[in-house]
Every structure is written in C-alpha cells, then in structure tokens.
Amino acid sequence: MAKEEFRVYNSMTQQKEVFTTKEPGKVGMYVCGITAYDFSHIGHARAAVNFDVLYRYLMHLGYEVTYVRNFTDVDDKIIRRANESGENPLSLSERFCQEYLADMNDLQCLSPTHQPRVSDHLEQIKDMITQIINNEYGYVVDGDVFFSVEKFPNYGQLSGQKLENHRAGERVAVDPRKRSPFDFALWKAAKPGEPSWESPWGHGRPGWHIECSAMSAHYLTFKFDIHGGGIDLIFPHHENEVAQSCAACQESKISYWMHNGHVTNNNEKMSKSLGNFFTIRQITERYHPLVLRHFLISAHYRSPLNYTVSQLDSASDTIYYIYQTFQDCEDALLQHQGENLTEGLGKTAKKDPVSSAAEECINNLRSEFQTRMADDLNTAHILTGAFQEALKFINSTLTSLKKKQPKKQQLSMIQALISVKKELREVLDVLGLLSSSTSSEVLQQLKDKAVKRAGMVEDDILKLIDDRTQARKNKDFARSDQIRAELSALGIALMDVGKETIWRPCVPVELAPPPPPSEQNKPTPLAEKKPTEQQVAQPPAVEQNKAAQEQTVQDAQPHEENKATVPV
C-alpha cells in the first residue's frame, strides 16, 4: 500500500503544504508550553494532546524527532500570584510545573525531548538580546530593552496584522519612553519584590516573547521544522518571535507554523481571564483521562472545540466499547489457548496468514487511518468508519467462535482476531489512546468514574439491581422499569444476561416527564405504547441499535451485552 504524502497547514502561508524536513529523517519541533502559576485548564490540554499526536505520528512515519516544549516560570502573572500567596515566585512556578507534568502523564502525553525553563536559560536570552541590539533592532531605556518594530519591515507576515490598523493606547497605556507605541519589551528593569538577574543593562528579567526565540534557537538552531502553539499565540507572541529571531540572525527560518484552535464554553473561548474554564484535574476527577484525550482529538486540531458534558459522556461510551471489545477478545483467546487450539496458529499463519475478510478489514482500517492522518492530522471521527467496522468484525467473529466449528475454521478465526486487534492497537497507540493498563483495569476505572458521576457507590447499584430483581419476581414491572430508567438517567445501564443482571456505564438517558394529571387516566394509543419489562426485556437506549441485530437480551451473547453501540 503506497503511503500518502503528509500535508500540514502552515499558518505562515495559510495553506496546506507537503511536509519536508530540513534534515532527511529528522524533525525539530518547538511548542509553546504553559505559564506555570495555576492548574492548567483543558485549553492547555488541547494544545498538549494535539501536538503529542503530531509527535507520535511523526515517529510512526519513521522520523527521529527532537521535541521541545518550554515552561514559562518568570512572568508578570506568576509574580502577581506569588505576591498574593506570599510565596517565592520560582517555588510557586515549580509547583505548578510539576502539577502540569502529572496532568500530562494522566493524559498519556509523551515526555518531550527537552522541557526548558526560562530561569535556566537566562544566558541564552541575554546573548540574543545583545545580538538584537548590536544589529540595531533593539534599544535601551533606563534599564529596559525594547524591540523596534518599525525597523523590521516584515512585521505582521505571520498574523497579517498591520500596524496602521492598530490604535495604540486603546487598551493599555503606552510607555512614553518607547520610540513607537508598538515596540515591545525584550528585558524589563528590576522592580522591588520581583525576581531579577544581572545583565549588561542592569538587574532585571526577560520579557515574555524573547524566551521562546532564545530557547528554540538553543535546542534546534535558528532553522528548524515546526513551531506550534494555540491560535491565540499567533499575535502578538509568535509574530514577535519571528521578528526577534530574524533580527538576531538573518538566516532564521521556521518551515511550518502550526496552531490549534480554542476550546470554547458555550461558544466563548475558554480562558482563565474570563473565568469560564475547567481545569484538567476537574475533568479527570469525573472522567477517565482517556475520555478527555478522546474528546480533545474529536475535532480537527485547527477547528474550535466546544466543551459540553454530553461530548464527554459520548467519548466515555466510545472508550468503554473499545476496551470491552478488547477484553472479550482477550478472554476468547485465553479460553482457546487453554483448549490448545492456538498451538496450530504458527503452521496456519504460514499457509494462510489471515482470512480474506480479516485482510479486507485491516486494509480498510490502515488505508482510512493513513489518509486521514496524512491530511493535516485529521483526527475528527477517526474512531468511526473503518475503525468501527474493525470492532464489529471482532464482535461478530467472537459470536461465530462460540458456535461449534471445525478446528481449522476456529484457528482461522483466532488468527483473524489477533491480526485485527493488533491493527486497532496500532491506531490507538499513534493517537495516544492505548492504555498501559490492562483492558479489565481500564474498564474498572471507567466504571468507577461513572459511579462517581452518578453520586453513588457500587453497593448502591447492586442494591437497586436486587430491588429490581425482586420487583420482577413480584410482577411489579412498573417499579422494575422505574429502577432501570432512573439508573439510566444517571449514566448506569442495566443488562439482563440470562438469569443475571449486570451493569455498565452509558450515556445518560433523560427521564420522560410524567403525564399531566388530566392525561394520566387517558388510554394511550397502541402506536404510542412503550413495552414494559413484562412484554420484552429490552436493553437501554445506548444498546438498542445492537439489540436490533440480536435476539432478546436473555439469549444475547455476554460479550456483546457488555458494550454499547458507539455513536457515529
């Protein structure tokens, strides 16, 4: 199968371009990290996760990647927060750097090659500022150093911003010492109560923008492949980076500028300044980190992503379905290994590596994954389509495997299960959705989160299952239906498997409002009547599409009953 050319959207040229590297087989990538003064929110998580997917995909393509993501640990916001709490600014920043790294570990983001901090790179920053001054793009005023924007004629080339379109002083008072109101600080003179370092211009600290220019050049040189960050950084931060780097070194050239879209809340950008944000920790307390990661890649990385609870519930259902399928597959393979059926797999694989149906399933999955990822990392709906068909293939094969089959046919099915599952795992690995925990551990973790969201403990659910069982014995089907419906509204689905009732997480199903008093005794038209459990044992709403293809729940196979159909 021919590999697709990897194309990425370049913010500098505002078009998709074929990805080529400055050095064959190697990629240099710098991504702007966080300003560490508080717990990070899911907008920060989106940038981290999407560039982690890029990192993983580049390595999947065979590149050797040097990935640099910085920490800003010297900044006005950090100093302000530290003064409020009476804490040393660098100590406060260190604490939140560690909290961020814990969040990244939960979200399965791989550690970058380098994670530099401003406080550790003051010499590189001062050297770059000196070079900018020597090249007559910077000037010193009372211990402050400013960049002269008007000296750089290409200013605005990344963002498209024109200086004449900005009215200085509208939002922030203009420093009268600047030669132009658009000039920005490279170095800030020391103020009482602020951390400062010695420099040729007196004690002080770096401006915000200079740090990334200096650290990216230190680790990747002035010429490297990818510079990334959130779309809100295009102006002024990345625009100023372009100007600084070119002013320090005329050879400076970044091949591709990549930017992820905002996470919005009610279609408004989520940010700390607006107070409409959720921290990563707040979400992962209620949802499995894999669920948040799946949500964050569920839209194309350049598109806005609107936060809703229903989106997280849907993502949780998807992850549960995937890992339940894996668990059922592993159980079946373990069972047949115990029956010594897998002993003949080696001989079978040499003669007939995989069935034509399994081969078609694998080829479709591989082709769709390559096509979507090669098209500017199009992860939107990537777990639908061929990925879903592969999961269905496993489930249908598991059903067939339960029936009496000739040994050769069984061996073929086992080989198919192994091969398709392996391909699914490779896709999940590139997306960062393949857990290091076992499938059963992931499923239990998802159930624990669902119980917490429902405001219950598992014993509460088991007690209600017993109450429902007793209600059915008493032929109190209204009470039985009520228990199931109320649990379903809390995101807990009950399934009757033979004589046993089990539960699993589901997307909460809204309870139907009771009829008005005047309607309560009114006969319901036959077409509008809903069957009770006395009439049919029907799985909850999230199971209905699957149940349509099966027998009643009592006759259904357990490995299907534990799963939900994933919404497309």
Side-chain angles (χ1 to χ4, degrees), residues 49 52-53 56 60 102-111 283-295 297 312 315-339 341-342 345 362 365 382-383 387-388 390-395 397-399 401-402 413-453 457-458 461-462 491-493 495 497 500 502-506 557-564 566:
V49 166
D52 180 68
V53 171
R56 289 169 176 269
H60 171 73
D103 287 336
M104 293 302 99
N105 185 61
D106 284 347
L107 291 172
Q108 299 202 159
C109 290
L110 300 175
S111 293
I283 302 300
T284 55
E285 282 176 359
R286 296 174 59 81
Y287 292 90
H288 196 289
L290 287 178
V291 171
L292 177 55
R293 185 176 178 107
H294 174 39
F295 163 70
I297 65 171
L312 288 173
S316 183
D317 211 46
T318 300
I319 297 297
Y320 194 95
Y321 177 70
I322 291 168
Y323 279 91
Q324 185 64 64
T325 300
F326 283 180
Q327 181 63 52
D328 293 339
C329 184
E330 291 156 14
D331 290 344
L333 293 173
L334 189 62
Q335 176 187 344
H336 287 291
Q337 186 177 29
E339 296 172 1
L341 277 172
T342 53
L345 278 177
I362 290 169
L365 176 58
I382 203 161
L383 297 186
F387 190 94
Q388 278 296 299
L391 291 173
K392 289 178 183 177
F393 177 88
I394 288 179
N395 285 318
T397 303
L398 288 171
T399 300
L401 198 57
K402 286 182 172 288
M413 289 180 181
I414 291 170
Q415 184 63 49
L417 288 173
I418 292 171
S419 301
V420 174
K421 180 171 175 276
K422 179 175 179 289
E423 196 69 27
L424 285 166
R425 285 174 62 87
E426 287 181 8
V427 169
L428 292 176
D429 191 31
V430 176
L431 298 175
L433 293 173
L434 185 62
S435 177
S436 58
S437 301
T438 65
S439 297
S440 60
E441 287 170 340
V442 174
L443 292 171
Q444 186 57 52
Q445 291 159 7
L446 287 161
K447 291 180 82 172
D448 292 343
K449 296 292 186 183
V451 170
K452 188 170 186 177
R453 292 195 299 275
V457 295
E458 189 165 11
I461 298 172
L462 298 179
I492 306 295
M495 280 79 65
V497 183
E500 182 186 9
I502 61 175
W503 74 273
R504 54 140 291 164
C506 69
Q557 299 296 331
H559 67 262
E560 284 294 333
E561 265 307 302
N562 294 340
K563 298 184 246 294
V566 178

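When a residue number appears, it is its place in the shown sequence, counting from 1.
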Sorted by chain and residue number, the salt bridge (Lys or Arg N to Asp or Glu O under 4.0 Å) partners of D103 (sequence neighbours excluded) come out as R281

Output, in order, the C-alpha distance, side-chain angles, deciding distance and verdict of side chain to side chain contact (heavy atoms under 4.5 Å, CB included) for V53 and R293.
CA-CA 10 Å; V53 171; R293 185 176 178 107; 3.8 Å; yes

Residue that, paired with F387, satisfies side chain to side chain contact (heavy atoms under 4.5 Å, CB included) out of L424, L431, I382
L424

Rounding to 0.5 Å, atoms NE2 (H294) and OG1 (T318) come to a distance of 4.0 Å

Please evaluate residues L107 and D52 with respect to the criterion side chain to side chain contact (heavy atoms under 4.5 Å, CB included), reporting the C-alpha separation (whole Å), side-chain torsions for both, the decisive distance (0.1 Å), and the verdict.
CA-CA 10 Å; L107 291 172; D52 180 68; over 6 Å; no

Given the rule in the side chain to side chain contact (heavy atoms under 4.5 Å, CB included) test, do Y323 and L290 qualify, once you have shown the distances and angles that lead to the verdict?
CA-CA 11 Å; Y323 279 91; L290 287 178; 4.0 Å; yes

Say you draw a straight line from CG of L443 to CG of D328; how long is it, rounded to the nearest 0.5 Å?
8.5 Å

What is the distance from atom CD1 of I322 to atom CG of L434, rounded to the nearest 0.5 Å?
10.5 Å

Sequence neighbours excluded - salt bridge (Lys or Arg N to Asp or Glu O under 4.0 Å) pairs with any residue from residues 415-426
E330-K421, R366-E423, K422-E426

Please walk me through it: do L383 and L428 pass side chain to side chain contact (heavy atoms under 4.5 Å, CB included)?
CA-CA 9 Å; L383 297 186; L428 292 176; 4.1 Å; yes

Hey, could you give me the CD/NE2 distance between Q444 and H288, rounded to the nearest 0.5 Å?
11.0 Å

Does S316 use its side chain to pair, donor to acceptor, with the backbone of L312 at less than 3.5 Å?
no

Determine yes or no for a side-chain-to-main-chain donor-acceptor pair under 3.5 angstrom, with Y321 supplying the side chain and L391 the backbone.
no

Looking at P289, is its backbone amide N or carbonyl O close enough to the side chain of K449 to form a donor-acceptor pair, meaning the two atoms are under 3.5 Å apart?
no

To the nearest 0.5 angstrom, please state how far the NE2 atom of H336 sits from the CG atom of L417.
8.5 Å

Exercise: identify the closest heavy-atom pair between R453 and R286:
NH1-O, 2.7 Å

For D331, what residues pass the salt bridge (Lys or Arg N to Asp or Glu O under 4.0 Å) criterion, not counting sequence neighbours?
none

Nearest heavy-atom approach of I394 to C329 is CG2-CB, 4.1 Å

Over all atoms of both residues, closest heavy-atom pair of M495 and R504:
CE-CG, 2.8 Å

Side-chain ion pair, K452 and D448, N-O less than 4.0 Å
no

Is a side-chain N or O of E500 found less than 3.5 angstrom from the main chain of V497, in a donor-acceptor match?
no

